[in-house]
Amino acid sequence: MRRRWMAAVAATMAGLLTLTACGGGEEGGGGESPQAGGAKQVEVFSWWTGPGEADGLKAMREIFEKQNTGLTFFDAAVAGGSGDKARALLTSKLQANEPPDTFQGHAGAELQGYIKAGDLEPVNFLYDELKLKEVFPQQLVDQISVGGQIYSVPVNIHRSNVMWFNPGVLKDAGISEAPATIEEFIAALEKVKQAGKIPLSIGSEWTAVHLLESVLLGSLGTEAYNQLWTANSDWSGPAMTKALNDFKTILSYAGDPQDDWQPAAKQVADGEAAFNIMGDWAYGYFHNPPDGGLGKTSKTDFDWAPSPGTGGTFMWLSDSFTLPKGAPNRDGAIAWLKVAASKEGQDAFNPKKGSIPARKDADTSLYTDYLGDALKDWGSNKLAGSIQHGVTVNDAWRTAINEAVGLFQQSKDVAEFQKALADAAKNSGQ
Amino acid sequence: MTRMRRWLPGLLLVAPSIAAVAVFVYGMLGWNFRLAMTDQHDEVTEGKFVGLENFTGIWDQQRWSLSVNHAIVFTVVFVGGALLLGWLLAFLMEKGLRGEGTFRAIYLFPMAISFVATGVVWRWLMNSGTGERAVGLNRLFDFFGLEFLQWQWFRDQDWGMAAMAIPAIWQMSGYVMALFLAGFRGVPEELREAARVDGCTEWKVYRHIVLPMLRPVTLSALIILGHISLKAFDLIVAVSGKQIITDVPAVFMWVAVFDSHDPAKGATIAAYIVIAVSVFVIPYLVWSLRKERRS
């Protein structure tokens, strides 16, 4: 009898110990890792793990460590294309009050959730100290300011409104030059259809939202588009109805949806499809040698133009770094932000990542072919922010737009679609 | 003291797991239901109690009805398909197939794979390209001259979720087979003998003796498959991601919490999933408790 008692007590204790061990272990593990090996570590949280972007991050890291000999760089990158997984992990870290020293985020409204939750410190002092307002385009600074405060430092710029096309397919279909307006675009799509090729290639549902932002910009015009994100927006008016009808017409020329943007872009490169509207990260995919890319020759195998109706406007999106409140190593984070904002840092990162610097004073010789075009436009064009990539709308609003587009792809009902978009704008809390 | 001695050691043994289950299962469930009854529609504000508003309001959302429909189609095809196929395989085995052990292992293997791995492979197999662009299964159809079978798979607007159930059937039918095989073996040979002596044909033996005795096994299989199917998330995300065309409540819940940052909405969907699963599980628990008491 006595032995049974002892066994029971032992088993109970063992059980309790396991439970408490689990709880304690996590806390210790989470708190220790960034600090391990001296207090001067800077934990940089990003989702740059793919080819190109990881190389760019490494180049910036080397500059950082050279300039700050007392600091070491701790790469807390989490894999996954658009940062979905990274952001889910980041949310839990912030909720546990264990922020990294600095984290990557799309510049613009996507950061609003963090700002509202009080997770971020404004970095206006850095903009003043480094005179960043003079080197970034004025419109960029305006579009990332929230009530006069700026919460992040943009490292790179990507362009969203790019129309990629296959010159050979266009020639066979009897189209002499890239369509410049929505009307010309629809006429060209019809010609390609007659010629028996896929007029417009498309990927999974988010690529349809990407297409929508270009069509809205092209159909409404830059001013009306930029107004959509202000207090006097008009989502229910006739101009919007027309834009959404254009979207419906254009979408009716789309081929079978592919798994993601790459297979859709590949259809253009392979000459199966004529057009694809995708951000300029597609350039790297078209151009890079086989392994990370398709190894195609620009201007002959593939070519580009601003998406129809958007010539003279640069629809931008940007990766940026932030300064979380309660960062364990705030000075280290600021040192990192200084490198990320510097000409040297941006010129080291961007040619590798396949994007252009946010600064206007970049070394133009580093950017050739498509990037050269983009850099020229960045300095001279009007600016508009991207929807899908977090510039103009917060997460909740963007999710609602994605939902509306997904449902529209099935119902094809423009009135319902417009109502859903208007509701999304009303309920966004932005 | 003697009486206490009898039950106390047992209680002590299970106490840690009772505590863990109470906190991490029922505590969390209660917390979730409480959250679902508030209007905490972002992560910062403190929510007020609003009763069942979220539970009724969600039915006005087109996406919710769509995802419920998807879940129903998926569940019917998956559970029905896995039961039928599993039963058929077990039946063939039971008929004394040569090399039964090998076949059993082959059919059970998919169970060892996670739904995510299954999903990645089947995403490729179920590529929606047709004609010249066909790959995966559509290419196979093309190769055998069965072009008319090519279709959009999970991208088909009406029956996409039925296609989504195919990998799930592939993965789980071996397990159902194992369950049924045990059931078949559990039917005493004497009963069959007796029926045969009474002049039953082989078909009638199955119809009147074996099948009725398989009822408990069928029920268990139904419960297990049913609750897996209602919670389906990993397979669907691995095959198509978070797209509306294959949206189900579990995916919608993820989007509500992590993309829309709407905890109350996410909790409401989670509550509905729990309720739907309980509809399957609770009658089963009651039934098995009663059976235990009877024996």
Side-chain angles (χ1 to χ4, degrees), chain A residues 1 4-19 22 84-85 87-88 91-92 94-95 112-114 116-119 198 204-206 208 255-260 263 267 270 272 394-400 402-411 416 420 427-429, chain B residues 2 5-6 8-20 23-24 41-45 61-67 123-124 126-135 138 152-153 155 157-158 160 237 239-247 252 254-262 265:
Chain A
M1 207 62 200
R4 241 179 86 193
W5 261 95
M6 288 301 287
V9 171
T12 313
M13 289 306 290
L16 284 173
L17 281 175
T18 328
L19 274 179
C22 286
D84 260 8
K85 287 179 205 97
R87 296 192 58 206
T91 307
S92 62
L94 291 174
Q95 276 172 355
Q112 279 188 356
Y114 305 123
K116 267 194 194 152
D119 291 328
I198 302 170
S204 50
E205 278 167 11
W206 75 264
D256 289 336
Q258 302 296 300
D259 277 341
D260 207 342
Q267 289 185 321
D270 292 348
E272 289 175 10
N394 62 18
D395 279 345
W397 194 348
R398 180 173 53 92
T399 310
N402 270 275
E403 197 171 300
V405 171
L407 292 168
F408 174 71
Q409 279 185 287
Q410 302 190 15
S411 72
E416 208 173 67
N427 300 331
S428 67
Chain B
T2 353
R5 249 194 220 157
R6 211 183 299 155
L8 194 64
L11 185 67
L12 272 180
L13 264 179
V14 293
S17 72
I18 287 181
V23 173
F24 293 110
H41 293 301
D42 60 63
E43 281 149 352
V44 213
T45 49
Q61 293 185 25
Q62 217 187 339
R63 179 174 186 172
W64 173 246
S65 342
L66 191 75
S67 68
R123 177 176 61 194
W124 177 77
M126 299 196 293
N127 190 296
S128 60
T130 52
E132 279 174 31
R133 282 181 298 278
V135 288
N138 279 350
Q152 294 273 298
W153 298 101
R155 288 190 197 282
Q157 207 162 311
D158 301 315
V237 169
V239 172
S240 89
K242 300 178 290 184
Q243 302 196 68
I244 302 280
I245 191 120
T246 54
D247 200 41
F252 191 11
W254 202 91
V255 169
V257 175
F258 290 101
D259 293 349
S260 302
H261 301 281
D262 187 340
K265 188 169 162 187

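Since the model is a prediction, treat every value here as computed from it, not as a measurement. Proteins come first, then strands; the chains are lettered A, B, ... in the order of their sequence lines, and each starts at number 1.
Atom CE of residue B/Met126 and atom CG of residue A/Asp259 lie 10.0 Å apart, to the nearest 0.5 angstrom. The distance from the NE2 atom of B/His261 to the OH atom of A/Tyr114 is 6.5 Å, given to the nearest 0.5 Å. Rounding to the nearest 0.5 angstrom, the gap separating the CZ atom in B/Arg155 from the OG atom in A/Ser204 is 7.0 Å. Separation of atoms CD (A/Glu403) and CD (B/Gln61) is listed at 6.5 Å; rounding is to 0.5 Å.
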Carefully, step by step, assess B/Asp259 and A/Arg87 under the rule salt bridge (Lys or Arg N to Asp or Glu O under 4.0 Å). CA-CA 10 Å; B/Asp259 293 349; A/Arg87 296 192 58 206; over 6 Å; no

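Using a 4.5 Å cut-off between heavy atoms, B/Arg63 contacts chain A through both its backbone and its side chain. If you measure heavy-atom distances from A/Leu94 to chain B, you find no contacts under 4.5 Å at all. In this structure, no portion of B/Asp262 lies under 4.5 Å from any heavy atom of chain A. At a 4.5 Å heavy-atom cutoff, B/Asp42 makes no contact with chain A through either its backbone or its side chain. With a 4.5 Å cut-off on non-hydrogen atoms, A/Asp256 touches chain B through its side chain but not through its backbone.
Ranked by heavy-atom pairs under 4.5 Å with chain B, the first of A/Gln409, A/Glu272, A/Gln267 is A/Glu272. For the set A/Thr91, A/Asn394, A/Thr399, the count of heavy-atom pairs under 4.5 angstrom toward chain B peaks at A/Thr399.
Every residue was checked against the side chain to side chain contact (heavy atoms under 4.5 Å, CB included) condition with B/Val23, not counting sequence neighbours, and none meets it.
For the pair A/Lys116/B/Thr45, no side-chain contact is recorded, criterion being any heavy-atom separation below 4.5 Å from C-beta on. Within the 4.5 Å cutoff, side-chain heavy atoms of A/Gln410 are placed close to those of B/Leu66.
Formation of a donor-acceptor pair under 3.5 Å by the B/Gln62 side chain with backbone atoms of A/Leu407 is not found in this model.
Between B/Ser260 and A/Ala396, the closest heavy-atom pair is O-CB, 3.5 Å.
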